[in-house]
Amino acid sequence: MRILSSDVVSHIGETVRIEGWLHKKRLLGGLTFINVRDRRGLTQVVIKDKDEVEKLRGLQIGTVLAVEGVSTEEPRAPGGAELHDAKLEIMVPVTDEPPIEIDKPIQHKAENLDTLFEYRTLNIRNLQEQKIFKLRGSLTRSIRQFLDEHEFTEIDTPKLLAGATEGGAEVFKLDYFGKEATLAQSPQFYKQMMVGAFERVYEIGHSYRAEPSATSRHLTELTMLDIEMGFVSGHEEVLDMVGDMTQHVLREAYDKHGDDLKSLNAPDLKLPADGKVPRFTVAQIHEMYTKATKNDTTKEKDLIPDEEKWICEYARKELGSDLVFATEFPIEAAKFYHMVDAERGVVFWGDLLFRGLEIATCPLREHNYDKMIEQMTKAGLDVEHPGYKYYLQAFRYGLPMHGGCGFGIDRLVEKTIGLANVKEATLFPRDINRLAP
RNA sequence: GACUCCGUAGUGAAGUGGUUAUCACGCCUCCCUGUCACGGAGGAGAUCGCCGGUUCAAAUCCGGUCGGGGUCGCCA
């Protein structure tokens, strides 16, 4: 009967069996230590019998083996216990030398990320590397819990679409039984349609963008949290919801995984004392940034990357918040589905910035059918195209005022840990240059 | 897409014109009874990304090419 590494300490004096991977050998002559890795972590095994040590000759790290031994209390052992009088059983011998070392810190230097992904299958066996993805799983679990508690219905929407749904980002086109299909750039239209049924919906799924963007914050296949909420009173309510959720999720991550985050060198978490994520309009940020840096951005419609970093540093230092909203984007930035404030020349659109990076966009949508037709026609879109026709049905037959967000999970993980590149937060990243593994 | 930087053993790095290309980790052999990034001695392992050029001489300089990084642009 197999027990797991973390349970060895609770079987002192008993003969137990562990199964796992050979993680490390240390031969000290008459005494050999090996570490065996399983899904919970490592077990230290002490081997004195020469014949048992000999079983390991020629076998590399990664060898799958079982060890039977006496669980022994030992303060010098990691975890306070280790196995003595070990009998080894080799289950899957590995004789090829692994191309990288997995028992030491895995390099995340920008210029070596290519090697990181080339040997992802192996470096993910590194316990430190695993923490990134355990944290990622924990973050999405926490998001689901929060949204479930707030009566959001989780949905799944198709990623194969009949056509480009919007003029903005580049789409991947593919052959679909002789017809042209595209990969979804976001579940936006579907989640809006579902507001007409469930009021509140969310989806955690993949989106695909054919942007030729070679930067540290772009992926061609990304994981998005998409939220849409009906019967909102206005943009403020959308911003509050996303702000509250993000604070809750971050606080929970730091509570549950504080040690892991510390060992990953994550920054301390700073959240606003009053629980309200500070917000600045784009115009305000341009003004503040221009004044502080003498670099005039007042003519820009969007925030430039350096402004995102600057306002985040400002918010952390002056307002004690790692989160900040940039709101009221100029009307020129509006897409046809956005609700605009024509009088003030702004669009109800807020970007949530976290530690220097945009992690979510939170707009209010236009929900009036006639106005949608008007805005789409103005944008030069064919309202009869299957990509829009069914979308518009939802508006025609009644949608309340609604808004939500597209929230980049990869970026959230990246910035929570303090990684330098969004790809480091992704198991098998897809970018302009990489399609495997 | 633009600009810019970089390609050297399995991995990470040093080497800016001159004998046999240096180091660390890993690997192999031997020694080592409390290691935990163990330690010690020895060894194997590199057509210096590729093609061409300059030169008596090229990892090093030049051109091209392929691959990668960073920044910007683009970006639901």
Side-chain angles (χ1 to χ4, degrees), chain A residues 23-35 42-50 53 57-61 72 74-79 82 84 95-119 122-123 126-128 164-171 184-192 207-220 222 224-228 300 302-306 309 329 333-338 347 349 351 358 360-363 365 404-408 411 420-421 423 431-434:
Chain A
H23 192 72
K24 187 68 186 176
K25 289 192 261 190
R26 286 188 198 93
L27 287 75
L28 276 66
L31 184 64
T32 294
F33 294 96
I34 64 169
N35 288 330
L42 302 180
T43 304
Q44 174 159 287
V45 178
V46 184
I47 311 168
K48 291 182 180 170
D49 185 334
K50 292 254 185 309
V53 175
R57 183 176 286 272
L59 295 182
Q60 302 291 336
I61 302 310
T72 308
E74 173 54 73
R76 287 172 296 183
E82 60 188 13
H84 286 187
T95 51
D96 291 321
E97 182 192 344
I100 57 165
E101 294 153 66
I102 61 159
D103 63 306
K104 294 179 182 164
I106 302 289
Q107 291 270 2
H108 277 232
K109 284 173 65 177
E111 56 267 41
N112 298 330
L113 284 185
D114 202 46
T115 311
L116 181 75
F117 301 127
E118 195 61 30
Y119 299 114
L122 294 179
N123 64 45
N126 178 280
L127 299 181
Q128 194 73 357
T165 47
E166 203 225 323
E170 290 290 323
V171 295
Q185 297 154 290
S186 98
Q188 190 194 309
F189 287 5
Y190 288 98
K191 67 179 177 176
Q192 285 186 262
S207 291
Y208 302 87
R209 296 179 186 179
E211 295 297 335
S213 301
T215 78
S216 58
R217 55 188 189 281
H218 288 93
L219 295 163
T220 52
L222 53 145
M224 295 266 290
L225 160 67
D226 269 272
I227 301 177
E228 206 64 31
E300 299 276 343
D302 203 342
L303 298 178
I304 64 168
D306 198 48
K309 286 191 193 86
F329 280 67
K335 301 288 190 318
F336 70 85
Y337 49 79
H338 285 135
V347 49
W349 169 350
D351 274 359
E358 169 196 336
T361 62
C362 318
R365 322 289 183 185
C405 71
F407 195 115
R411 289 182 176 185
N421 191 310
K423 290 166 207 167
D431 66 24
I432 190 164
N433 298 315
R434 184 168 281 280

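Chain letters run A, B, ... following the sequence lines, proteins first and then strands; every chain starts at 1.
Distance alone, capped at 3.5 Å, is enough to place a donor-acceptor pair between the A:Arg411 side chain and the A:Arg217 backbone. Distance alone, capped at 3.5 Å, places no donor-acceptor pair between the A:His218 side chain and the A:Thr215 backbone. Checked by atom type and distance alone, the side chain of A:Asp351 never pairs as donor or acceptor with a backbone atom of A:Glu358 at under 3.5 Å. Proximity of a side-chain donor or acceptor of A:Glu211 to a complementary backbone N or O of A:Glu170 within less than 3.5 Å is detected. Side chain of A:Asp431 to backbone of A:Arg434: a donor-acceptor contact under 3.5 angstrom is found.
Side-chain N/O atoms of A:Arg26 include one lying less than 4.0 angstrom from OP1 or OP2 on B:C38. For the OP1/OP2 pair of B:C74 and a distance below 4.0 Å, the side-chain nitrogens and oxygens of A:Arg217 include no atom meeting the criterion. At least one side-chain nitrogen or oxygen of A:Asn433 sits closer than 4.0 Å to the OP1 or OP2 atom of B:G69. At least one side-chain nitrogen or oxygen of A:Arg57 sits closer than 4.0 Å to the OP1 or OP2 atom of B:C30.
B:A46 is unpaired under the criterion used here, namely a Watson-Crick or G-U wobble arrangement in which both key atom distances are under 3.5 Å. The partner of B:U71 is B:A2, judged by Watson-Crick or G-U wobble contacts that both fall below 3.5 Å. Checking B:A9 for Watson-Crick or G-U wobble geometry (two distances, each under 3.5 Å) identifies no partner in any strand. In this structure B:U19 sits in no base pair that meets the Watson-Crick or G-U test at under 3.5 Å.
On the C1' atoms, B:U4 is 40 Å away from B:A44, given to the nearest whole Å. Taking atom P in both B:C28 and B:G69, the straight-line distance is 32 Å, to the nearest Å. Taking atom P in both B:A14 and B:U8, the straight-line distance is 11 Å, to the nearest Å. If you take atom P in B:U65 and the same atom in B:G1, they sit 13 Å apart, rounded to whole Å. Nucleotides B:G73 and B:A2 are separated by 8 Å at their C1' atoms, to the nearest Å. The gap from the C1' atom of B:A57 to that of B:C72 amounts to 42 Å, rounded to the nearest Å. Taking atom C1' on both B:U20 and B:G45, the two are 16 Å apart, rounded to the nearest angstrom. B:G26 sits 7 Å from B:G39 when the P atoms are compared, rounded to a whole Å.
Residue A:Ile61 is out of contact with every strand shown, counting any heavy-atom pair closer than 4.0 Å. Heavy atoms of A:Thr115 sit under 4.0 angstrom from primed sugar atoms or phosphate atoms, though from no base atom. In this structure, A:Arg365 reaches neither bases nor backbone, as no heavy-atom distance under 4.0 Å exists between it and the strands shown. In this structure, A:Pro363 reaches neither bases nor backbone, as no heavy-atom distance under 4.0 Å exists between it and the strands shown. If you check every strand for non-hydrogen atoms under 4.0 Å, A:Glu358 touches nothing. Nucleic acid contact for A:Thr215: base, since at least one base atom lies under 4.0 Å from a heavy atom of the residue.
Nearest heavy atom pair, residue A:Leu222 against residue A:Arg209, reads CD2-CD, 4.0 Å. Taking both residues in full, the closest heavy atoms of A:Glu82 and A:Ala77 are given as OE1-CB, 3.4 Å, listed atom of the first, atom of the second, then distance.
If you find the closest nucleotide of RNA chain B to A:Ala420 and to A:Pro78, the one lying nearer the 5' end belongs to A:Pro78. Map A:Asn112 and A:Met224 each onto its nearest nucleotide of RNA chain B; the residue landing nearer the 5' end is A:Asn112.
Counting atom types as modelled, A:Glu211 pairs no side-chain N or O with a base atom of B:G1 as donor and acceptor under 3.5 Å. With hydrogens and angles ignored, a donor-acceptor pair under 3.5 angstrom links the side chain of A:Gln44 to the base of B:U35.
For the pair A:Lys335 NZ and B:C74 C1', the interatomic distance rounds to 11 Å; values are reported in whole Å. Between A:Lys48 atom NZ and B:G34 atom P the separation is 10 Å, expressed in whole Å. As rounded to whole Å, 15 Å separates atom P of B:G10 from atom CG of A:Asp96. Rounded to an integer number of Å, the gap from OH of A:Tyr119 to P of B:U11 is 5 Å. For the pair A:Lys109 NZ and B:C6 C1', the interatomic distance rounds to 11 Å; values are reported in whole Å. If you take CD of A:Gln185 and P of B:C74, they are 17 Å apart, rounded to a whole angstrom. Summarising the geometry, the separation between CD1 on A:Ile304 and C1' on B:C74 is reported as 15 Å, rounded to the nearest angstrom. Atom pair A:Lys50:NZ and B:C31:C1' shows a separation of 12 Å (rounding to whole Å applied).
Taken to the nearest 0.5 Å, the CD atom of A:Gln44 stands 6.0 Å off from the CG atom of A:Asn35.
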Using residues 100-110 of chain A as the side-chain source, report each donor-acceptor pair under 3.5 Å to any protein atom, sequence neighbours left out, with the distance given to one decimal.
residue: A:Glu101; atom: OE1; partner: A:Lys104; partner atom: NZ; Å: 3.3
residue: A:Asp103; atom: OD2; partner: A:Lys24; partner atom: NZ; Å: 3.0
residue: A:His108; atom: ND1; partner: A:Glu424; partner atom: OE1; Å: 2.6
residue: A:His108; atom: NE2; partner: A:Glu129; partner atom: OE1; Å: 2.8
residue: A:His108; atom: NE2; partner: A:Glu129; partner atom: OE2; Å: 3.1

For nucleotides 22-26 of chain B, which of its nitrogen or oxygen atoms have a protein nitrogen or oxygen under 3.5 Å away, and what is each distance?
residue: B:C25; atom: O3'; partner: A:Lys104; partner atom: NZ; Å: 2.8
residue: B:C25; atom: O2'; partner: A:Glu101; partner atom: OE1; Å: 2.2
residue: B:C25; atom: O2'; partner: A:Glu101; partner atom: OE2; Å: 3.1
residue: B:C25; atom: O2'; partner: A:Lys104; partner atom: NZ; Å: 3.0
residue: B:C25; atom: O2; partner: A:Glu101; partner atom: OE2; Å: 3.1
residue: B:G26; atom: O4'; partner: A:Glu101; partner atom: OE2; Å: 3.2
residue: B:G26; atom: O2'; partner: A:Glu97; partner atom: OE2; Å: 3.1

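The pair A:Arg76-A:Glu74 counts as a salt bridge, with a side-chain nitrogen and a carboxylate oxygen less than 4.0 angstrom apart.
Comparing B:U71, B:C32, B:G69 by their nearest atom to the side chain of A:Glu111 picks out B:G69.
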